[in-house]
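Numbers here are sequence positions counted from 1. Read the numbers this way: they start at 1 and go in the same order the structure lists the ligands and their atoms.
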Amino acid sequence: TVNITIDGKKLQVEQGITILEAARQASIKIPTLCFLKDINEIGACRMCLVEIKGARALQASCVYPVAEGLEIYTQSPAVREARKVTLELILSNHDKKCLTCVRSKNCELQSLAEELNIKDIRFEGASTNLPLDDFSPSIVRDPNKCVLCRRCVSMCKNIQTVSVISATERGFKSAISCAFDRSLEEVPCTMCGQCISVCPVGALREKDDTEKVWSALANQELHVVVQTAPAVRVALGEEFGLPIGTRVTGKMVAALNHMGFAKVFDTDTAADLTIMEEGTELLNRIKNGGKLPVITSCSPGWIKFCEHNYPEFLENLSSCKSPHQMFGAVLKTYYAEKMGIDVKKIFVVSVMPCTAKKFEAQRPELSATGLPDVDVVITTRELARMIKESGIDFNNLEDKDFDDPMGNATGAGVIFGATGGVMEAALRTVSEIVAGKSFDDIEYAAVRGIEGIKEATVAIGDMKVKAAVANGLGSARKLLDSIKAGEASYDFVEIMACPGGCVNGGGQPIQPSSVRSWTDLRAERAKAIYEEDASLPIRKSHENPVIKEMYDKYFGKPGSHKAHEVLHTHYIS
Ligand code: HC1
Ligand code: SF4
């Protein structure tokens, strides 16, 4: 440890940490803008300046390591004035249409202006006026709101290893953009939305599709059904001020009922269906010498990454559609028949923690009936906005259950929302099907947790199945490179585009750096997922009565011809 003083307070702190961190430990708040722990620690924005006795200039505390004897001042007149000037300069060239900004009240720039008590902007001058990029089905980029913090650049380049956005030009002309000023639509962007999650302001946001949902709901001709992804229920509450990791499944269903959906279904049910199909596919490929490893195909950001960067692995992808696409396809076939509803009148809305799902739903490969399997995808954030627009007092809603006839899901379906969950759900089912008996020990700790790459070897009957799980595209790249180099070999691989899996998807509620830097959103939300799993009476996909009935009455058995027609696809790029 080293001895330092901050604002006259004597402290003993661990060597190697930054001044910012040391101050935080002493409950002294230093304002930041570009800083995001472990993702963007570059000292670029100069908001976190502090005075250090004896140093010639003010220093950026987010990158300055503590040392023995440092005497630090976080609120001296020089510091206060420097921060104000910096912030006023940023504000002078910011599109300040806060009233109509999607990030109003959840904007780190707005909060800073309040915290620093900015009453006037002394440098009103020229402002940049760059075109909006809204050509992507998933992501909108508004360069006039960008504060050049570079968090999105670090996320896209260092964590996701996609590198489609970067800082260009210098000085007043500085901007974050794609090469040759292309749209995100024209570059190999995976639409994962991780850049949105780290944007402190409204410069990056999802394509808002809420009006499409409102107009479908207003159309008396349509039978509008909604399904919600596993990860939405453990994060939606954050939009209503509830603690991170609060489960709001019942309130979410109640809100959707109130908004006027004819039926509220659970994507988890289709996750169970995916396990039946994917488990069968895995066993078939192992037995018949098919392409191994089987790689999961539920994360559309991962599929797009694979198409652009690893086309040699496309044949490895499971042919299963992702669960929400399977559900859409089931709703427009089996359910339409069962309920006697004209398929053209069924309108399927998916609420997803994911921005890439907007792109996925538009893919021509995903259509069982000639119509899109899913009509509109909205993110968790968009759902929150719709609930607010509806005037619903969310926190006081009474819990409701998902609707029949397809409301039942299992714990296996729920855990899809956390990294390793698809793998665990598959192992629960495949191991019992092969053994022909039921096991009590169904939790696979080795594939849980937020490590980038996890491995396990699991005994399935007399086979040893080698499994790997990667979350975040940088980890996926590492894993695929090791398979390509012959350094590793597996039978079954789960890949999710977002670090932590869907719980940390690009469509989830956004937490500011002041929270996100010090709380692991992935772990907190995943904890809630595993709690929901443990609370459910049925925790294995093959024991789901709804799924059994679907096979009895419609598909025959997993992997049948009919199942292939409706539930599978092929990505060829
Ligand atoms: Fe996911 Fe999935 S788990 S991909 O992360 O397989 O988005 O939550 O809905 O489809 O079930 C997302 C989550 C989601 C699908 C399922
Ligand atoms: Fe990069 Fe993902 Fe953002 Fe696309 S959506 S720019 S891949 S971080």
Side-chain angles (χ1 to χ4, degrees), residues 39 133 136 138-141 151-166 176-178 183-185 187-199 204 206 227-235 266-275 278 296-305 308-309 318 320-328 350-361 366 373-374 377 379-380 409 412-422 425 471-474 494-508 525-526 529 541:
I39 293 171
D133 175 7
S136 154
S138 301
I139 319 264
V140 178
R141 254 175 20 89
R151 287 193 202 162
C152 57
V153 175
S154 304
M155 175 52 87
C156 190
K157 179 167 180 248
N158 304 332
I159 310 287
Q160 297 297 63
T161 65
V162 176
S163 295
V164 290
I165 38 178
S166 58
I176 307 297
S177 51
C178 304
S183 159
L184 274 179
E185 171 69 352
V187 297
C189 164
T190 65
M191 318 221 177
C192 70
Q194 285 298 306
C195 50
I196 301 178
S197 314
V198 297
C199 181
L204 285 158
E206 70 280 312
Q227 55 169 320
T228 62
V232 175
R233 68 204 63 190
V234 297
D266 192 350
T267 306
D268 302 14
T269 313
D272 285 329
L273 187 58
T274 303
I275 289 302
E278 202 161 87
T296 60
S297 57
C298 18
S299 166
W302 145 240
I303 302 284
K304 199 157 185 292
F305 181 80
H308 291 303
N309 302 287
S318 158
C320 290
K321 292 180 181 174
S322 72
H324 90 109
Q325 293 288 155
M326 278 199 185
F327 211 148
S350 296
V351 184
M352 297 280 129
C354 174
T355 45
K357 294 268 174 205
K358 288 176 184 282
F359 159 76
E360 181 187 40
L366 299 169
D373 292 337
V374 169
V377 173
T379 59
T380 310
V414 178
I415 59 175
F416 264 59
T419 163
V422 183
N471 63 102
L473 292 172
E494 176 200 301
I495 297 181
M496 288 289 178
C498 294
C502 294
V503 288
N504 189 37
Q508 291 285 60
R525 293 173 182 161
I529 287 263
S541 300

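- Ligand 1 is never approached by G501 to a heavy-atom distance shorter than 4.0 Å.
- Residue-level proximity to ligand 2 for V162 is carried by the side chain, the only part with a heavy atom below 4.0 angstrom.
- Closest to atom 6 (O) of ligand 1 by heavy atom, among P323, G417, S297, is P323.
- Any N or O atom pair closer than 3.5 Å counts here, and D268 shares no such pair with ligand 1.
- Of all protein heavy atoms, the one lying nearest to atom 4 (Fe) of ligand 2 is C189 SG, 2.4 Å.
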Requested in this report: Starting from the C-alpha separation in whole Å, work towards a yes-or-no answer on side chain to side chain donor-acceptor pair (under 3.5 Å) for T190 and Q160.
Outcome: CA-CA 9 Å; T190 65; Q160 297 297 63; 5.5 Å; no
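- In this structure, NZ in K304 is found 10.0 Å from CG in N309, a value given to the nearest 0.5 Å.
- At the top of the distance list for atom 3 (S) of ligand 1, counting protein heavy atoms only, stands F416 O, 3.3 Å.
- The shortest heavy-atom distance from M191 to ligand 2 is under 4.0 Å.
- Listed by number with element, the atoms of ligand 2 under 4.0 angstrom from any heavy atom of I139 are 5 (S).
- Looking at every heavy atom in both residues, I529 comes nearest to V503 through CG1-CG1, 3.7 Å.
- Although no hydrogens or angles enter the test, the distance criterion places no donor-acceptor pair under 3.5 Å between the side chain of E494 and the main chain of T296.
- Close contacts of ligand 1 with A271, meaning ligand atoms under 4.0 Å from a residue heavy atom, involve 11 (O).
- In this structure, the side chain of S299 engages the main chain of A497 through a donor-acceptor pair within 3.5 Å.
- For ligand 1, the atoms closer than 4.0 angstrom to any heavy atom of C298 are 4 (S), 6 (O).
- For the ligand labelled ligand 1, residue T267 lies inside the 4.0 Å heavy-atom shell.
- Interface of C354 with ligand 1, defined as ligand atoms under 4.0 Å from a residue heavy atom, comprises 7 (O).
- If you check which protein heavy atom lies closest to atom 2 (Fe) of ligand 2, you get C192 SG, 2.4 Å.
- Looking at Q227 and T267, their side chains do bring a donor and an acceptor atom within 3.5 Å of each other.
- Side-chain atoms of C199 and C152, non-hydrogen and from C-beta on, never get closer than 4.5 Å to each other.
- Under the 4.5 Å side-chain criterion, counting only non-hydrogen atoms from C-beta, Q325 is not in contact with P300.
- Residue contact check: T190 has heavy atoms under 4.0 Å from atoms 2 (Fe), 4 (Fe), 7 (S) of ligand 2.
- Separation of atoms OG (S541) and CZ (F416) is listed at 6.5 Å; rounding is to 0.5 Å.
- Annotation: A231 places an N or O atom under 3.5 Å from an N or O atom of ligand 1; distance criterion only.
- The closest protein non-hydrogen atom to atom 5 (S) of ligand 2 is G193 N, 3.2 Å.
- Near S322, the atoms of ligand 1 lying under 4.0 angstrom from a non-hydrogen atom of the residue are 10 (O).
- Ligand 1 does not have S299 within reach: every non-hydrogen atom of the residue lies 4.0 Å or more from it.
- Within the 3.5 Å criterion, the main-chain N or O of M191 finds a donor-acceptor partner in the side chain of T355.
- The protein heavy-atom contact nearest to atom 9 (O) of ligand 1 is A229 CB, 3.0 Å.
- T274 is not listed as a side-chain neighbour of C298, based on a closest heavy-atom distance of 4.5 Å or more.
- Among all non-hydrogen protein atoms, the one lying nearest atom 6 (S) of ligand 2 is V164 CG2, 3.5 Å.
- Side-chain atoms of R141 come within 3.5 Å of backbone N or O of I176 as a donor-acceptor pair.
- The ligand atoms of ligand 1 that sit less than 4.0 angstrom from a heavy atom of C502 are 1 (Fe), 3 (S), 4 (S), 5 (O), 7 (O), 8 (O), 12 (C), 13 (C).
- For atom 3 (Fe) of ligand 2, the nearest non-hydrogen atom from the set C195, C156, A356 comes from C195.
- At a heavy-atom distance under 4.0 Å, only side-chain atoms of M352, from C-beta outward, approach ligand 1.
- With contacts defined as side-chain heavy-atom distances shorter than 4.5 Å, the pair Q194/S197 qualifies.
- Proximity of H324 to V377: side-chain heavy atoms (C-beta onward) are separated by under 4.5 Å at one or more points.
- Here L204 has no heavy atoms under 4.0 Å from ligand 2, in either its backbone or its side chain.
- Side-chain contact check for I415 versus P230: every heavy-atom pair is 4.5 Å or farther apart.
- Only the side chain of K357 comes within 4.0 Å of ligand 1, judged by heavy-atom distances.
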